[in-house]
Amino acid sequence: MRYQRPGLDLASHLLLAVGCGLFFLPVWLAFTASTHSMSDLYANVAPLWVGDAGLSNYARLIHDPVGGLGTDVLRLLANSMVMALGIAVGKIAISLLAAYAIVFFRFPLRRLCFWLIFITLMLPVEVRILPTYEVVADLHLLDSYPGLILPLIASATATFLLRQFYLTIPPELVEAARIDGAGPWRFLRDILLPLSKTNIAALFVIMFIYGWNQYLWPLLITTNADYLTVVVSLKRLLTTGDALVPWQDVTATAMLAMGPPVLVILLMQRYFVKGLVETEK
Amino acid sequence: MTHFQRYRFTPWLLMAPQLIIVGVFFFWPALQAVEQAFYVEDAFGLSRQFAGLANFIAVLQEPDYYQALGTTVVFSLSVALGAMAIALLLAVQADRVLKGANAYKTLLIWPYAVAPAVAGVLWLFLFDPTLGLVSAALKALGIDWNHNLDGGQALLLVILASIWKQMSYNFVFFLAGLQAIPKSLLEAAAIDGAGPWRRFWTVTFPLLSPTSFFLLVMNSVYAFFETFGTIDTVTGGGPGGATTTLVYKVYQDGFIGQDLGASAAQSVLLMILVGLLTLIQFRFVERRVQY
């Protein structure tokens, strides 16, 4: 295009490079801090370059129970993984079925069911924490994986996206399947699921990140260190009373806490962008 | 016929898991919150009395509530406008250069995956009064940084961490929006003699307004709820309530102060507020689907 100007292009690249660098800086500084010993760290301001205590810091956190937490970081990562996978898989599974019923069946009270599910879009768990806590306590689900997972599945975001997608499927497909004698389960398994693969992948990325990064809910219902998640543990590591904050531990745990979701987003970026932009449209 | 019609039992079987989970973990607690908001419970939780609107009136007469409301407005607007402005600036550059737009997307998208609490920790470290690089630089400039004592600085720190995390979300949408603008429109404007600056404000920006409006709503919702983790790790609502937002106050009054009625009344007020936001968004979604 003729109206592009090379000088401006250079300025754009420059601005983008600076932007990318600035956004990366906090992570880089946390990483370098995590590779120094505590006495090294407090000898000066935060170091710009890596130190030599990195391996021993991370190995110690992963193997030994961390002071103030009562468990090691590997256990925390495992808990986060169970919660994130549980939320992602659980939400996709129930949403897939519910959206299928709403779009491809006609039954009494269909509209009511639709609204009952979609009204949940309006109220995130943060608004109804206290009563939800009581319900989960009544069901004896405090300090348990189902307690961590189920209340966060109770929302319609995934159902909404899948419904939007199902509505774009040509009616002829259903008709053809019916003429060929395929029942609803067969149609779901052999036609609908293969067609939804991309959407399911996109939802998985979004829900995995959502689940992994949860803070308030796990904070409330886990008192037992065996069910603590890594994101919630950070605050406990920071709370040291009058003692110095062990920043090498805090930054190392933060690095480990952001590893899995960042990896997922980078590996599945294509699906993620598509899913995000299409869900919200 | 495009639907399965003769199956009476199957749709209910398909709906059952979601209906049960939504019923138990959404409607039951939400209704309890509404009910609790109208009752006063004694200190031991042994008995309770119907109190009508007393809880709401008490909440609305409390100066702290208005402080939290003010903090929420300042915080949400700063986060939304800050994260959107930076994202738009970068997205316009990435859209301009054509070559490498995808590489930049990869380099800018990952903060979306960082938990709000982790983002809080990263920024807390940058501004740590003894170790932080930024606080040291500020000291060299003669600014004494201590967010543990200074409420304004604490709020600024939480805002910066929240913007950092939210920018990538906005970037993805702005870039998609920019790439959807027909290049012929911009070429026509260029032929008519409009420079890049003018082209942006008279062609690109108006065409982006649906995206911008949508993002404004989404960013407000983010600032309201998802930043809880950032606030809790960075400041814990302090100092002196300077970073206590409405959601943080629900948590503080309910879980730390054990004032169930007040917390429930605040929850209901929040529900109404969020309900309004969502309605606005839905109306907008309807409109946008048309074209």
Side-chain angles (χ1 to χ4, degrees), chain A residues 1 3 8-9 12-13 15-16 19-20 23 26-27 29-30 41 45-46 94 97-98 100-101 104-107 113 117 120 122-124 126-128 130-132 135 150-151 153-154 171 174-175 184 209 213 215-216 231 234-235 238 247 250-251 254 257-258 261-262 265-266 269 273 276-277, chain B residues 2-5 7 10-11 14-15 17-18 21-22 25-26 28-30 32-33 90 93-94 96-97 104 106-118 121-123 125-126 131-133 136 172-173 176 187 190 196 225 228-229 232-233 247 251 254 263-264 267 270-271 274-275 278:
Chain A
M1 275 171 283
Y3 60 91
L8 275 181
D9 276 5
S12 291
H13 278 297
L15 202 63
L16 281 163
C20 294
F23 271 84
V27 176
L29 289 175
L41 269 186
V45 289
I94 63 167
L97 299 178
Y100 180 47
F104 290 100
F105 289 84
R106 287 291 172 270
F107 54 97
C113 288
I117 291 176
T120 62
M122 293 169 69
L123 301 175
E126 281 82 358
V127 183
R128 52 194 161 86
L130 217 96
T132 309
V135 167
L150 291 176
I153 294 184
V174 188
E175 221 169 315
I209 292 171
N213 291 347
Y215 185 82
L216 178 56
V231 172
L234 289 166
K235 164 104 177 180
L238 281 169
W247 271 112
V250 178
T251 48
M258 75 174 103
V262 168
I265 208 175
L266 290 179
Q269 188 191 336
V273 172
L276 197 66
V277 176
Chain B
T2 55
H3 300 101
F4 295 104
Q5 267 157 342
Y7 301 85
T10 319
L14 292 167
M15 303 276 307
Q18 179 137 34
I21 288 181
V22 165
F25 296 103
F26 183 88
W28 187 8
Q32 274 191 335
L90 292 177
Q93 311 310 320
R96 264 184 55 79
V97 298
Y104 287 122
T106 307
L107 287 173
L108 287 170
I109 207 176
W110 56 270
Y112 174 87
V114 176
V118 175
V121 167
L122 297 178
W123 283 80
F125 184 59
L126 282 181
L131 281 182
L133 218 58
V172 170
F173 278 93
E187 268 168 37
F225 301 108
F228 181 92
D232 197 42
T233 41
V247 170
Y251 162 76
S263 176
S267 286
L270 258 182
M271 285 184 203
V274 183
T278 318

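Each chain gets a letter, A, B and so on, in the order the sequences are listed, and its residues count up from 1.
We find the CG-CG distance between Leu126(B) and Leu29(A) to be 5.5 Å, quoted to the nearest 0.5 Å. In this structure, the separation between NE2 on His13(A) and OH on Tyr104(B) is 5.0 Å, given to the nearest 0.5 Å. The line from CG of Leu234(A) to CG of Asp232(B) is 11.0 Å long, rounded to the nearest 0.5 Å.
Only the side chain of Tyr215(A) comes within contact range of chain B, with heavy atoms under 4.5 Å apart. For Leu150(A), the parts sitting under 4.5 Å from any heavy atom of chain B are the backbone and the side chain alike. Looking at Ala176(B), the atoms closer than 4.5 Å to chain A (heavy atoms on both sides) all sit in the side chain, from C-beta outward. Both the backbone and the side chain of Ile94(A) have a heavy atom closer than 4.5 Å to some heavy atom of chain B. Only the side chain of Leu266(A) comes within less than 4.5 Å of a heavy atom of chain B; its backbone N, CA, C and O stay farther away. In this structure, chain A has a heavy atom under 4.5 Å from the side chain of Ser263(B), while its backbone stays farther away. Within the 4.5 angstrom heavy-atom criterion, only side-chain atoms of Phe107(A), from C-beta onward, approach chain B.
Here the closest non-hydrogen pair linking Ala101(A) and Pro11(B) is CB-O, 3.7 Å. Closest approach of Cys113(A) to Met15(B), counting heavy atoms only: CB-CE, 3.4 Å. Residues Ala254(A) and Val118(B) come closest through the heavy atom pair O-CG1, 3.9 Å.
The side-chain heavy atoms of Ile153(A) and Phe26(B), taken from C-beta on, include no pair separated by under 4.5 Å. Side-chain contact check for Gln269(A) versus Thr106(B): some heavy-atom pair is nearer than 4.5 Å. Counting heavy atoms from C-beta on, the side chains of Val114(B) and Pro261(A) never come closer than 4.5 Å.
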Exercise for the section: With side chain to side chain contact (heavy atoms under 4.5 Å, CB included) as the test, would you mind laying out the steps for Val250(A) and Phe125(B) before giving the verdict? Expected result: CA-CA 9 Å; Val250(A) 178; Phe125(B) 184 59; over 6 Å; no

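Although no hydrogens or angles enter the test, the distance criterion places a donor-acceptor pair under 3.5 Å between the side chain of Asn213(A) and the main chain of Ala113(B).
With chain B as partner, the option from Val231(A), Thr132(A), Thr251(A) having the largest number of non-hydrogen pairs under 4.5 angstrom is Thr132(A). Between chain B and the residues Ala257(A), Ala154(A), Ala30(A), the largest count of heavy-atom pairs under 4.5 Å involves Ala154(A). Ranked by heavy-atom pairs under 4.5 Å with chain B, the list Leu216(A), Val262(A), Ile265(A) is led by Leu216(A). Comparing Val172(B), Leu90(B), Val247(B) by how many heavy-atom pairs each has under 4.5 Å with chain A, the most go to Leu90(B). Ranked by heavy-atom pairs under 4.5 Å with chain B, the list Leu130(A), Ile117(A), Leu16(A) is led by Leu16(A). Per-residue counts of heavy-atom pairs under 4.5 Å with chain A were compared for Ala30(B), Ala94(B), Ala136(B); the largest is that of Ala94(B).
For Thr10(B), there are no side chain to side chain donor-acceptor pair (under 3.5 Å) partners two or more places apart in sequence or in a different chain.
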